[in-house]
J.: 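The following block contains the structure, expressed as structure tokens.
All values reported here derive from a predicted model rather than from experimental measurement. Sequence lines set the chain letters: A, B, ... in the order given, protein chains first and strands last, and positions in each chain run from 1. The figures here come from the full heavy-atom set of this structure, side chains too, leaving out hydrogens, waters and symmetry mates.
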Amino acid sequence: MIEIVKSNTFIDGKRMLPVLRDSLAELYGEHGLSLADIHPIEYGDSYVIVSCDHRMLQQVRSAVAYISRIDGAEVLLQVSIVSGTLRRLRAKMEGHNVYLSRKYPN
Amino acid sequence: MKRYVDLHVKPSDEKTIHDILETALKLGYSTVGLAAGEIPRRSIEEYSGLKVLKRIDADAKLDGLREYRMKLSERCDLVSAICRDSSDIRRALKFGFNLLCFKGLPQTPRITDFSLIGASEAYLELDVYDLLSFERDERVAIFRAIARIFRYASRKKVKLIIASGATDAYKLRAPLDLASMVLPAGITWGEALTATIHNPLLLLSRVIGKGRGYISEGVRTVGRW
């Protein structure tokens, strides 16, 4: 799950995927992009769930780290949850949301 | 729970300090090294559970560097030397700095510099903030330099530290994302993790371990007469 931690305007989760693809292609080329095999699973207001080849996980992570702008707006993205199965990912998301709501009640 | 440390953030004004600390907390850091320079800060030591280390970056070309370091060591948790060339590195090591960083990422690091650092207890810090501001062509040269730095560091047993060097909250990265930023240079994930997570914690344990009267590893002032 890739999450928008901070941005100065509202950014739809759908806008994140093309930017991620560009970043991955820029850093690792078309070969890297094909090996990563990224597919969107779910979009949210400030997150996107993406599936990728587990052998390219760290490379996808670095492509996310190099994204600093989406549509001209400054953003800070984070790979917040990584999981092998969707079921486990959703369980972790629930735990993540509970943790965040406890830590930042407002 | 894992402890993550970003040893170098350098906000430009007081508003940015709070912005950076808040974001660092959200990203999962437990400790941050704050180089706030001349900004009047109300001695921030803790920020909602985030430990804040006071840090000063001293130019290695300064006159009276030894006295300056000793004076600063009493007031700050971390004192680093900013080096531009081999003579700066030699000077900083001679005057007892245990944290060195380059002024910007060097295009052509030299192995002799690494031999000097490797022979001391010092850590070498790389700020990856520069990588975000460069365009593609410049970035290629920087990746080449990073690859060389890691290769020399492993040959000469230099302890590398990767820090964000963030000047605002948008330049911060989550700990594992920060480690992944050097992967395009051909660095292995293990090396990146050692430099981002393991080595900063080692330095931190030394910083925390040094209490009153600390001079260097195993040497402490017990009394004066």
J.: List the steps and the verdict of side-chain contact (heavy atoms from CB on, under 4.5 Å) for B/L176 and A/V82.
T.: CA-CA 12 Å; B/L176 295 181; A/V82 177; over 6 Å; no
J.: With a sphere of 6.0 Å drawn around CZ of B/R84, does it hold more than 12 non-hydrogen atoms of other residues, nucleotides or ligands?
T.: yes
J.: Going by the rule side-chain hydrogen bond (donor to acceptor under 3.5 Å, both in side chains), which residues pair with B/N199 if we only count those two or more places apart in sequence or in a different chain?
T.: none
J.: Give me the atom names and distance for the closest heavy-atom approach of B/S180 to A/Q58.
T.: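 The answer is CB-O, 3.8 Å.
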J.: Give the C-alpha distance, both sets of side-chain angles, the deciding distance and a yes or no for side-chain contact (heavy atoms from CB on, under 4.5 Å) between A/E74 and B/K171.
T.: CA-CA 10 Å; A/E74 269 196 304; B/K171 299 284 187 307; 4.0 Å; yes
J.: Does any N or O in the side chain of B/R173 come within less than 3.5 Å of the main-chain N or O of A/A65, such that one atom is a donor and the other an acceptor?
T.: yes
J.: Are there residues of residues 6-17 of chain A whose heavy atoms fall under 4.5 Å of chain B's heavy atoms? If so, which?
T.: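 The stretch touches chain B at A/K6, A/S7, A/N8.
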J.: How would you list all residue pairs meeting side-chain hydrogen bond (donor to acceptor under 3.5 Å, both in side chains) that involve residues 27-39 of chain A, not counting sequence neighbours?
T.: A/Y28-A/S62, A/D37-A/H39
J.: Please give me the minimum heavy-atom distance between A/Y66 and B/M181, naming the atom from each residue.
T.: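 Nearest heavy atoms, A/Y66 then B/M181: OH-O, 2.5 Å.
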J.: Report the C-alpha distance between A/V79 and B/D177 in whole Å, list the side-chain angles of each, state the deciding distance to 0.1 Å, and finish with yes or no for side-chain contact (heavy atoms from CB on, under 4.5 Å).
T.: CA-CA 7 Å; A/V79 179; B/D177 295 358; 3.9 Å; yes
J.: Does some side-chain heavy atom of B/F143 sit less than 4.5 Å from a side-chain heavy atom of A/L27?
T.: yes
J.: Using non-hydrogen atoms and a limit below 4.5 Å, what part of residues 184-198 of chain B faces chain A?
T.: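 Residues in range: B/P184, B/W189.
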